[in-house]
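One structure below.
Numbered from 1 within each chain, the chains take letters A, B, ... in sequence-line order.
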Amino acid sequence: MPHKLRHALTVASFMAPATVGIVVFFLYPLGSAVYFSFTKFDLLSTPEWVGLRNYRHLFDDPFLTRAATNTLWLCVIMVPARMLGGLATAMLLTGLRRGSGIVRTIFYLPALAPPVAATLAFVYLLKPGVGPVNTALAQVGIDGPLWFNSPDWSKPSLVLLCLWAVGDVMVLYLAALLDVPQAQLEAARIDGANAWQRFRAVTLPNIAPVVTFTAVIGVITTLQYFAQAAVAASAASGQATTGAGISSTFGYPEGSTFTYPLWLYVVGFRYGALGYANAMAVVLFLVAFAVSLLLLRRSLKVT
Amino acid sequence: MNRWLLWTARYSLAIALCVMFVAPVAFLLLTSLMTDSQALTASYWPHQWRFANYADVFSKTPLPRYLLNTVIYAVAATGFMLLSSVPAAYALAKLRWRGQNAYLVVIVCMMMIPPQVTTVPLYLMWANVGLTGTLVPLVLPMLLGDAFSIFLLRQFLLTIPGEYLDAARVDGCGEWRTLLRVVLPMARPGIAAAALFQFFYAWNDYYGPLLYTSENEHNWTLSLGLASFKTLHHVQWNLVSAATILTMVPVVVLFFFAQRAFVQGVTLTGVKG
C-alpha cells in the first residue's frame, strides 16, 4: 500500500467517529434549523414554506423583546460582575501567604455545585419574610427586598447566585496572575509606580488574553442561560409544576427572568411553533458566532 | 506597621468571603436537619436534630431512582466520550494531515454554539426513532465525539514531547499502538480532567434531561427531579434541603479526590484557548 494512502487511512481511523458525530449531531441539525426557520410546522404537521415570515415575526413579538432585553441585561451586568469577582478573588489569593490552599478551595467549590441545587439554595436563602438573609437584615433594622419574588430584584438575585459560583473564572485569573513576570512588577516598583499603576501598566497587559477569554466565554454561556432562571422562577413562584410543566412559571415574576433560550423552549416545545423557534435559533447562532469570532481570530493565530 | 495592616486587611477580607461562600450550604445543611414545622420558621439552628430527614428523602421520594439515572447518564456519557474523543484529539495534536486546522476551527465553533441552536432538529431526529423520553439522546452521541473534550484533550496532548512518539514509531509501533502504549499512560492527567469535566457536565445538566426525559418520570435525573421536588414537597423545606445537599455531595467528594487534575484542566482550556 502506498505510504500516503496508509497515512490517510490511519488518520481516518482516528477521526471517523468524531466526523460522523459532527455531521449527524451538528452540521445536519444546523442546516435543518436554517431550512426550518423558513417554514411553518409543529410536531404533527410537515414543514410548509413561508419565506421570511418567521423572521418578520421576530420584530413584533413582545415576549421575545422582553426575553432578549433580559438576556442583554445579563450579558451587560452578570458577565462583567463575574469577571471582576473572579479577578478580585484571584488577586486576594495571590496576596495570601499562609492558608491560600484552603481559601482557594472554599472560593472554588460553589462553582461545581449543580445549578439546580445552587438555585434552590439561593431561593431558600433569599426567601422574603423568614429567609436567613432577610432575617439577618431585619435584625440590623433593614427591611430586606423581595429578591426572587420582585421584578426589580429577581435579576440582581441571579447575579448574586452567579457570583457565588465565580470560582471557575477565578481559577483562570489565578493562573494568569501567577504567570505575570515578577521582574516587571519589581522594576515598576523601583520606578516608583504605586499599586494601581503597577496593575494598569504591568498586570493588566499580561493577563489581557484571559480577560478576552473570560469575556467571550461569559457572553456565550449567558446567551444559553437556562437552568438557574427556570428553577428560580419556578421555586419562587410557589406553583406546583413538575417536569416540562415548569415552563408555565418561566419568567416569574412578571417576565423579569424570561431569557432568550427560555422563550425559545416555550415557543418550540410548549406552543409547538417549530418554524418560529428555529428562526430564533438561527438568530442565536449568528449572535454567538459573531461573539466567538473575537476569540477564534486569536486561536487561529496560535495554531 | 503598614505591612502588618495590609496583612490583617487581606486576611479579614479572605475570612469574611469564606464565610459568605460557605453560608448558603451551611444554612441548607442546618435546615435539612430541622423538623417540618421548624423549617418554616425564621430560626437558623435546629431545635431537634432530625437526621431521619435524609432517610425520608430516600424512602419517601423517588430520589433513589433519580440518583440511579444520573449515575447511568454521567458514567455512560463519560466512558463513551473517552472512547471517541481521545483518538480524535490524538490525530489533531500529534499527526500531520491536510485540513487539520480547518477541522480544529469546526471543533472550536461547535464549542461556542449554544445547544439551543440545534435543539429542535435534534429533538425531531430522536422523536422519529422513538427515543425521546429516554436518556439515549444524551448518552449515545458521546460515542461520536464531544467537541469540548476533543479540544481539551488536544491541548493536553500538545504538551507531550514528540520524541517519545518518534521513539515508539522507530521501534515499529503503528499510530494506534503508539497512542495506547506510549501516549495514554503519559496523558493520564489530561484524560482525568476531560473525564471529570464530562462527568460534572452530565451530573449538573438540566436542559438535556428536561428536553428529552420530562415526559417520562421514570428516566428523570437528579437535576430534573430536584427542580420538581420543590413543588411536590413545597412546604417541606427540610426535605428539599436534604435532597439538595445529597445532589451536591458526590460532586464535592469527587473534587477532593481529583483536585489537581481538575484545576489543571480548567487552566488548560483557558490560557491556551
Task: Residue pair B:Trp237, A:Lys127: steps toward the side chain to side chain contact (heavy atoms under 4.5 Å, CB included) verdict - done: CA-CA 11 Å; B:Trp237 266 109; A:Lys127 214 162 33 142; 3.7 Å; yes

Task: From CA spacing to verdict: side chain to side chain contact (heavy atoms under 4.5 Å, CB included), A:Thr242, B:Trp220 - done: CA-CA 11 Å; A:Thr242 65; B:Trp220 283 7; 3.9 Å; yes

TODO: Could you please spell out the steps behind the side chain to side chain contact (heavy atoms under 4.5 Å, CB included) verdict for A:Phe36 and B:Leu124?
DONE: CA-CA 11 Å; A:Phe36 286 149; B:Leu124 294 175; 3.9 Å; yes

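Side chain of B:Tyr11 to main chain of A:Arg98: a donor-acceptor pair is present (N/O by atom type, distance under 3.5 Å, no hydrogens or angles). Although no hydrogens or angles enter the test, the distance criterion places a donor-acceptor pair under 3.5 Å between the side chain of B:Arg10 and the main chain of A:Gly95. Between the side chain of B:Tyr44 and the main chain of A:Pro132, a donor-acceptor pair closer than 3.5 Å is present. Between the side chain of B:Ser84 and the backbone N or O of A:Ala18 there is no donor-acceptor pair closer than 3.5 Å. Looking at B:Trp97, its side chain never comes within 3.5 Å of a backbone N or O of A:Ala8 through a donor-acceptor pair.
Put simply, of A:Leu112, A:Val231, A:Leu284, the one with the most heavy-atom pairs under 4.5 Å next to chain B is A:Leu112. Contact count versus chain B (heavy atoms, under 4.5 Å) is highest, among A:Gly245, A:Ala244, A:Ala288, for A:Ala244. Counting heavy-atom pairs closer than 4.5 Å to chain B, the top-ranked of the candidates A:Val20, A:Leu223, A:Asn278 is A:Asn278. Counting heavy-atom pairs under 4.5 Å between each of A:Ala16, A:Pro115, A:Gly268, A:Ser100 and chain B puts A:Pro115 at the top.
Rounding to the nearest 0.5 Å gives a distance of 5.5 Å between CG of B:Leu144 and CZ of A:Phe25. Taking CG from A:Leu120 and CG from B:Leu226, the interatomic distance works out to 5.0 Å, rounded to the nearest 0.5 Å.
Only the side chain of A:Phe41 comes within contact range of chain B, judged by heavy atoms closer than 4.5 Å. Of the two parts of A:Leu43, only the side chain, counted from C-beta on, holds a non-hydrogen atom closer than 4.5 Å to a non-hydrogen atom of chain B. Looking at A:Ile106, the atoms closer than 4.5 Å to chain B (heavy atoms on both sides) sit in the backbone and in the side chain alike. Residue B:Trp7: no heavy atom, backbone or side chain, is found under 4.5 Å from chain A. With a 4.5 Å cut-off on non-hydrogen atoms, A:Tyr265 touches chain B through its side chain but not through its backbone. Interface residue A:Leu96: backbone and side-chain heavy atoms are both found under 4.5 Å from chain B. Proximity to chain B is limited to the side chain of A:Tyr28, based on heavy atoms less than 4.5 angstrom apart. For chain A, the nearby part of B:Leu143 is the backbone; its heavy atoms alone come within less than 4.5 Å. For chain B, the nearby parts of A:Phe285 are the backbone and the side chain; heavy atoms of each come within less than 4.5 Å. For A:Leu264, the part lying near chain B is the side chain, with the backbone staying farther off; criterion is any non-hydrogen pair under 4.5 Å. Interface remark: B:Ile150 contributes side-chain atoms only to the contact with chain A (heavy atom separation under 4.5 Å). For B:Leu17, the parts lying under 4.5 angstrom from a heavy atom of chain A are both the backbone and the side chain. For B:Arg98, no part sits under 4.5 Å from any heavy atom of chain A, backbone or side chain. If you measure heavy-atom distances from A:Ser13 to chain B, the contacts under 4.5 Å come from both the backbone and the side chain. Only the side chain of A:Phe226 comes within contact range of chain B, judged by heavy atoms closer than 4.5 Å. Looking at B:Met125, only its side chain comes within 4.5 Å of chain A, counting heavy atoms on both sides. Interface remark: A:Val283 contributes no atoms to any contact with chain B (heavy atom separation under 4.5 Å). With a 4.5 Å cut-off on non-hydrogen atoms, A:Thr221 does not touch chain B at all. Within the 4.5 angstrom heavy-atom criterion, atoms from both the backbone and the side chain of A:Val103 approach chain B. Residue B:Ile107 touches chain A through its side chain alone, counting heavy-atom pairs closer than 4.5 Å.
The 12-atom threshold is exceeded at CZ of B:Phe27, counting heavy atoms of other residues, nucleotides or ligands nearer than 6.0 Å. No more than 12 heavy atoms of other residues, nucleotides or ligands lie within 6.0 Å of CD1 in A:Ile102, so this atom counts as exposed by the packing criterion.
The shortest distance between side-chain heavy atoms of B:Tyr103 and A:Ile22 falls below 4.5 Å. Side chains of B:Asn204 and A:Val116 form no contact here, defined as non-hydrogen atoms less than 4.5 Å apart. With contacts defined as side-chain heavy-atom distances shorter than 4.5 Å, the pair B:Met112/A:Ile217 qualifies. Two residues are said to be in side-chain contact when any heavy atoms from C-beta on lie closer than 4.5 Å; B:Leu92 and A:Met15 meet this criterion. Counting heavy atoms from C-beta outward, B:Val240 and A:Tyr124 have side chains that stay 4.5 Å or more apart. Contact of the B:Leu122 side chain with the A:Phe26 side chain is not registered, since no non-hydrogen atoms from C-beta on lie closer than 4.5 Å. Looking only at side-chain heavy atoms (C-beta outward), B:Cys18 and A:Phe107 come within less than 4.5 Å of each other. Side-chain atoms of A:Ile246 and B:Leu210, non-hydrogen and from C-beta on, do get closer than 4.5 Å to each other.
Classification of the B:Phe255-A:Tyr108 ring pair by plane angle, with boundaries at 30° and 60°, yields tilted.
Across all their heavy atoms, B:Pro121 and A:Pro29 have their closest contact at CG-O, 3.3 Å.
A ring-centre distance under 6.0 Å is found for B:Tyr90 and A:Phe14.
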